[in-house]
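Since the structure comes first, as structure tokens, the remarks are kept for the end.
Naming: A, B, ... by sequence-line order, numbering from 1 per chain. Keep in mind the model is a prediction, meaning the values are calculated, not measured.
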There are 2 protein chains.
Amino acid sequence: MSANTESQKYQQQRLQAIRSAAAVFAEKGFHGSSTRDIAEHMGIKQGSLYYYFKSKEEALGEVCLFGIEDYVEHMKVIAASDQSFESKLMATITSHLSSYRERNEALKVYNDERLYLPEEKRRNLKVLGSGYRQLLEEIFEEGVRSGALRGSIDCHFAAQAVIGICNAWGDIIVRDPDLDLFDIIQKCTDLLINGFRERRTIERSNPSNNKTDRI
Amino acid sequence: MSANTESQKYQQQRLQAIRSAAAVFAEKGFHGSSTRDIAEHMGIKQGSLYYYFKSKEEALGEVCLFGIEDYVEHMKVIAASDQSFESKLMATITSHLSSYRERNEALKVYNDERLYLPEEKRRNLKVLGSGYRQLLEEIFEEGVRSGALRGSIDCHFAAQAVIGICNAWGDIIVRDPDLDLFDIIQKCTDLLINGFRERRTIERSNPSNNKTDRI
DNA sequence: GCAGAATTCTATAGATCTATAGAAATAAAG
DNA sequence: CTTTATTTCTATAGATCTATAGAATTCTGC
């Protein structure tokens, strides 16, 4: 009873249970899903689910954690890489939107249902989530320092805005599988970098002078 | 029993019931809210709620409708007004974010819970929702025609992006009442119009030549 | 104050749903 | 083949929750 929780099969099955919970929660929401729904999704009976979870709430916690873990890891790789600001931004958007397309329902559950977790678990997840935002924020700060971005931008706002726009499009992508993912990635990146305004301007075009001092 | 549904008091109380349902649904989600919660919020007993709604689902439908109605009306006014693209965009963002700040919980419910409605009601709401997006899209198209916006932008994408970013910030605003609404409105507008990139460019500054032909 | 209408209440049927206990089945090991 | 551990099942207690029926109360106009 205590030794088995380490067994390989148990861990595999538990992972399967987390995936099933993710799929069901993503579709019906936490309160709209019953433990019977989840069990059915993984092909066992309702009562058997409690071999893997102490409670329905624990299942939600595991799904949320599962949803954001890799995600933050991936962001660390992007942040640490040696690319231009623009490439990093695009990589971030690609990572975020691809998650949704790959039916990473767990990420959706993290976004939409985590507030139904008890205070403490929510705080733990918040640490991970703000780690993600923090990394993105640092990418923006670096962009400002390198002169790629306007010095006037609010990096906290910017990071939040990127996450917001990605989540919004993520939801749309999930519902419409015909959408061209790469097209949207490009348009999001373009919007965030260039905005929508027509530029009646002439490029000064001295690419060597990249660093501009600013206050 | 049939005549009273026209009475003034009935309509007032029913409106109150819709507001209560909106508040409770916004906080706990549709499936996480009980009819007891809603009734308690408006100071009556659970059973009495059914004097105003045929079912819990009907309540959700009414809340969603209530949430988006004025909203679309307001958008019509903005779209029909005689302002620059930039002003219209800012007015749209202001309208959207103010809604959230004014605890228009119904709008949040529309955004997050409408998919739990039966097929038919969802379709009816979709008509309203896409009317909203359509108006915003037309504002963008007009912006392109007038030369204020790049000819290369995808107006459908743009409208969707604005809605997405507003919803994302709306959620943040609701949770953090200390945030400066006007500051966020300005930053959102600025982002959408100008993007984040530093411009190593010189304005040509001939404001008279507003219309530029494009393919 | 009274009659009828409008509003709210109490009580409950019937259908969930979560979590637990213990039996049954399956797999692993000697 | 037998014993033991792991996994799944059945059955159910106990706590919801929605919706309805009919009684009780409050309001309105005379």
Quiz item: Taking atom P of C:dT26 as reference, at what distance in whole Å does atom CD of A:Q13 sit?
Solution: 15 Å
Which protein N or O atoms sit under 3.5 Å from an N or O of nucleotides 17-23 of chain D?
{"from": "D:dT18", "atom 1": "OP1", "to": "B:K56", "atom 2": "NZ", "distance (Å)": "3.1"}
{"from": "D:dT18", "atom 1": "OP2", "to": "B:T35", "atom 2": "N", "distance (Å)": "2.9"}
{"from": "D:dT18", "atom 1": "OP2", "to": "B:T35", "atom 2": "OG1", "distance (Å)": "2.8"}
{"from": "D:dA19", "atom 1": "OP2", "to": "B:Y50", "atom 2": "OH", "distance (Å)": "2.6"}
{"from": "D:dA19", "atom 1": "OP2", "to": "B:K56", "atom 2": "N", "distance (Å)": "2.9"}
{"from": "D:dA19", "atom 1": "N7", "to": "B:Q46", "atom 2": "NE2", "distance (Å)": "3.2"}
{"from": "D:dA19", "atom 1": "N6", "to": "B:Q46", "atom 2": "OE1", "distance (Å)": "3.1"}

Quiz prompt | Separation of atom NZ in A:K9 from atom P in D:dT7, rounded to whole Å | solution = 6 Å
Exercise. Can you tell me the distance, in whole Å, between the OH atom of B:Y10 and the P atom of C:dT8?
Key: 10 Å
Exercise. Give B:F53 one of three labels, base, sugar-phosphate or nothing, depending on what nucleic acid heavy atoms sit under 4.0 Å from its own.
Key: nothing
Self-check item: Carboxylate-amine/guanidinium contact A:R123 A:E120, below 4.0 Å
Solution: no
Quiz prompt | Exceeds 12 heavy-atom contacts within 6.0 angstrom, atom NE2 of B:H74 | solution = no
Quiz item: What is the distance from CD1 of B:I44 to C1' of C:dT8, rounded to the nearest Å?
Solution: 8 Å
Practice problem: Quick one: which residue pairs count as a ring-ring contact (aromatic ring centres under 6.0 Å, His included) with a foot in residues 164-190 of chain A, not counting sequence neighbours? | Solution: A:W169-B:F157
Practice problem: Give a yes or no on whether A:Q13 atom CD has more than 12 heavy-atom contacts from other residues, nucleotides or ligands under 6.0 Å away. | Solution: yes
Exercise. Measure the distance from CD on B:E40 to P on C:dT8 and round it to the nearest whole Å.
Key: 16 Å
Practice problem: Could you pull out all residues at least two apart from A:H156 that satisfy side-chain hydrogen bond (donor to acceptor under 3.5 Å, both in side chains)? | Solution: A:E137
Exercise. Look up atom CG in B:N111 and atom CD1 in B:I68, then write down how far apart they are to the nearest 0.5 Å.
Key: 7.5 Å
Quiz item: To the nearest Å, how far apart are B:Y51 OH and D:dA24 C1'?
Solution: 15 Å
Exercise. Specify the separation, in whole Å, of atom CZ of B:R14 and atom P of C:dT7.
Key: 13 Å
